[in-house]
Amino acid sequence: MISGAVVEALERYVPRDNIRLQEPMAGHTTFRIGGPADCFLQLEDEEQLRKVRRYLDLAGVPFFVLGNGSNLLVDDAGYRGVILQIGTKMSDISVQGCHIIAKAGATLRQVAAAALEHGLTGFEFAAGIPGTVGGGVVMNAGAYGGEMSQVVTQVRVVSREGEVMELDNSTMEFGYRTSVIRHGSFTVTEVTFCLELGDREAIRARMEDLAARRREKQPLEYPSAGSTFKRPEGHFAGQLIMEAGFAGYQIGGARVSEKHCGFLINAGNATARDVRALIGEIQERVKERFRVELETEVVFLG
């Protein structure tokens, strides 16, 4: 549990209205799953983040940086620490020529809309990814042949010690669903994207086409964390899961989507325990049948 002294200290850096105790995390993840966090804190700017991060590190208090919660499974018991949310209060977007500068809390959909408005192409692939700029860069999010590494030029971050730094594309060490930040101690606050001038109607048509393909092939009507597993080399996770006989398979409220077996969905009152059990069974049978180890893309917290 977070002590009163810690809460009192946090109030020196963040307005009291932005601090919630025992906040249910089910309301902050796209899976709609998760018990209460000891402390949930909404950040308004980089300066607050810098001071709070430095304090929590010095005080030895565990913390987790949250965006839109679109790739996250929080334990049913919740999180014993502080959740730092970078969301709507840090979501400004500006356009300078072919560059889009977005705060980490802006959604990828919002950046795609800004690109469309200014006739900039190269970001259409991200229009349907339900994450924030910060989370998207950390995970090197991608879809339909595009990914963050192709369009990111600069990433502004805050270190554990509260130092502000600028990382360029090469420093980010982008890989498949990873970057230097995922396994480091940095928190993203702002990202600069470099796009190209394009035809506005062609950009719109591309975005509409990808949106239609998502609706057709993905279970968007159910809460989920997107693709549950990374793509194994030489295979497609969804196909392996389907061929292993898991389409529609359910444990508790967690079910393998019949529309796309790579998605585990919350079919109704699913718990984190249900999801973990389902993931475990899938991994075991796929390895047994196909000699392929499925690695989760979803981040586990708790």
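Values reported hereafter were calculated over all heavy atoms of this structure, with side chains retained and with hydrogens, waters and symmetry mates removed. Note that the structure is a prediction, hence the values are computed from the model and not measured.
Checked by atom type, the side-chain pair Ser227/Glu297 shows no donor-acceptor distance below 3.5 Å.
Here the two rings, on His235 and Phe290, have centers that are 6.0 Å apart or farther.
Side-chain contact check for Met172 versus Val155: some heavy-atom pair is nearer than 4.5 Å.
For Arg291, the CZ atom counts as loosely surrounded, since its 6.0 Å shell holds 12 or fewer non-hydrogen atoms of other residues, nucleotides or ligands. When the shell of 6.0 Å around CZ of Arg177 is examined, it contains more than 12 heavy atoms from other residues, nucleotides or ligands. Environment of CZ in Arg182: crowded, with over 12 heavy atoms of neighbouring residues, nucleotides or ligands closer than 6.0 Å.
Listed by chain and residue number, Arg206, Arg213 satisfy the side-chain contact (heavy atoms from CB on, under 4.5 Å) test with Asp209 (two or more places apart in sequence, or in another chain). Residues satisfying the side-chain hydrogen bond (donor to acceptor under 3.5 Å, both in side chains) test with Ser179, not counting sequence neighbours, are none. Qualifying ring pair (Phe, Tyr, Trp, His ring centres under 6.0 Å) partners for Phe263, counting only residues two or more places apart in sequence or in other chains: His260. Scored by the ring pair (Phe, Tyr, Trp, His ring centres under 6.0 Å) test, Phe123 finds Phe125, Phe193 as partners (sequence neighbours excluded). The side-chain hydrogen bond (donor to acceptor under 3.5 Å, both in side chains) check on Thr187 picks up Arg53, with sequence neighbours excluded. Residues passing the ring pair (Phe, Tyr, Trp, His ring centres under 6.0 Å) test with Phe246 are Tyr249, sequence neighbours excluded.
Using a 4.0 Å cut-off between a side-chain N of Lys or Arg and a carboxylate O of Asp or Glu, Arg285 and Glu288 do not qualify as a salt bridge.
A donor-acceptor contact shorter than 3.5 Å is absent between the side chain of Arg50 and the backbone of Val164.
Exactly one residue among Gln42, Glu44, Gln48, Glu11 makes a side-chain hydrogen bond (donor to acceptor under 3.5 Å, both in side chains) with Asn18. That residue is Glu44.
Using cut-offs of 30° and 60° for the angle between ring planes, the Phe64 and Tyr79 rings count as perpendicular.
A pairwise comparison of heavy atoms in Cys98 and Leu197 identifies SG-CG, 3.9 Å as the closest pair.
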